[in-house]
Amino acid sequence: MKSIQFGSFLHSSNFLYWGFAVSTAVFFLIGVCFSPVYSQDNESELTGPIFDQDTTSQSLPPSSLEDKFPKMFVKITSHKNADKVDSGTVTILGLSSDSNTRDCIVEMDWNNQKPSWIVTATGPGGATDFSTWQFTYDRNTHEIEPGTNELTSKLTCINPGPLTKWFSVTLVGLPYPIPRAFPLP
């Protein structure tokens with residue numbers, strides 16, 4: 001039977017302990033140092049190193065940085081959180097940061113379920129200008145139901161990108177009037 005020397009066992013355990021402690025400390029420091037760089041505000045704006053870095057050898061004035069990397073946003077403007085609406089067909093209006101220098105689309109979903117639907121672009125640039133948009137929840141998509149309905153708009157841009165922003169409102173659908181007309185087949 002082999003005998004294990006206590007000193008060598010203690011030495012190897014000590015090595016494992018300190019190796020684990022040092023690696024844990026390194027990961028903690030990396031997390032603390034980089035978490036502020038990648039944090040996001042509630043205002044649906046982009047932050048992070050790609051938008052903070054200088055892309056030229058000279059420092060650009062703040063207005064030039066804003067022109068080069070304008071902040072992304074999407075917002076539902078026709079309704080506020082907890083608005084009460086009639087159940088059934090409801091039209092939603094909104095804004096986004098889409099422009100002629102970006103390639104973006106806006107989609108809507110209901111209660112985070114799939115599928116999502118591409119909204120109708122109503123911006124001055126035509127069918128691909130989602131700077132203003134509208135979407136109608138109806139029997140072809142999903143009608144607003146009595147009770148809680150979470151409606152989420154999603155802006156996805158390829159230039160710069162791919163980048164995505166979301167904005168949600170929760171609408172309270174009022175009960176259907178009695179008697180309710182049934183849809184025809």
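When a residue number appears, it is its place in the shown sequence, counting from 1.
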Exercise. Is the backbone of T122 close enough, under 3.5 Å, to the side chain of T132 for a donor and an acceptor to pair up by distance?
Worked result: yes

For this session: Consider only side-chain N and O atoms of S96 and D98, and report whether a donor and an acceptor are under 3.5 Å apart.
Result: no

Exercise. Any donor and acceptor pair, going by atom type alone, linking the side chain of N81 with main-chain N or O of T170 inside 3.5 Å?
Worked result: yes

For this session: Measure the shortest side-chain to side-chain distance between K154 and S116 over non-hydrogen atoms and say whether it is less than 4.5 angstrom.
Result: no

Exercise. Applying the 4.5 Å side-chain criterion to the ILVMFWY set and letting contacts propagate, would I144 and L93 be lumped into a single cluster?
Worked result: no

For this session: Measure across R139 and E143 and return the closest heavy-atom pair with its distance rounded to 0.1 Å.
Result: N-CG, 3.5 Å

Exercise. What distance separates M72 CE from S99 OG, expressed to the nearest 0.5 Å?
Worked result: 10.5 Å

Problem set entry | Interatomic distance, K75 atom NZ to L95 atom CG [nearest 0.5 angstrom] | 8.5 Å

Problem set entry | Side chain W117, main chain E107, donor-acceptor under 3.5 Å | no

Exercise. Hey, is the main chain of F167 close enough, under 3.5 Å, to the side chain of S153 for a donor-acceptor pair?
Worked result: yes

For this session: Kindly say whether Q113 contributes a backbone atom to a donor-acceptor pair with the side chain of N111 at under 3.5 angstrom?
Result: no

Problem set entry | Check: S78 side chain, I92 main-chain N or O, donor-acceptor pair, under 3.5 Å | no

Problem set entry | Shortest non-hydrogen contact from G126 toward A121 | O-CB, 3.8 Å

Exercise. Linking I/L/V/M/F/W/Y whenever any side-chain heavy atoms sit under 4.5 Å apart, do Y137 and L174 land together?
Worked result: no

Exercise. Would you find a donor on one side and an acceptor on the other, under 3.5 Å apart, between the side chain of T89 and the backbone of D138?
Worked result: no

Exercise. Just wondering, do H79 and V90 contact through their side chains at under 4.5 Å, heavy atoms?
Worked result: yes

Exercise. Any side-chain heavy atom of W166 within less than 4.5 Å of one from D109?
Worked result: no

Seminar exercise, completed: Looking only at heavy atoms, the pair that brings R102 and K71 closest together is NH1-O, 3.9 Å

Exercise. Would you say the side-chain atoms of D83 pair up with the backbone N or O of L171, donor to acceptor, closer than 3.5 Å?
Worked result: no

Problem set entry | N/O donor-acceptor pair under 3.5 Å between N149 side chain and G147 backbone | yes

Problem set entry | Chi angles and distances behind the side-chain contact (heavy atoms from CB on, under 4.5 Å) call for F135, T120 | CA-CA 6 Å; F135 181 76; T120 302; over 6 Å; no

Seminar exercise, completed: Closest heavy-atom pair, G173 versus S87, reported as atoms and distance to 0.1 Å, is C-OG, 3.5 Å

Problem set entry | Side-chain heavy atoms of V74 within contact of W133, under 4.5 Å | yes

Exercise. Is there a donor-acceptor contact under 3.5 Å from the side chain of T156 to the main chain of I105?
Worked result: no

For this session: Grab the two heavy atoms, one from S131 and one from P124, that are nearest each other, plus how far apart they are.
Result: OG-CD, 3.8 Å

For this session: Search all heavy atoms of D129 against all heavy atoms of G125 and return the closest pair with its distance.
Result: OD2-N, 2.7 Å

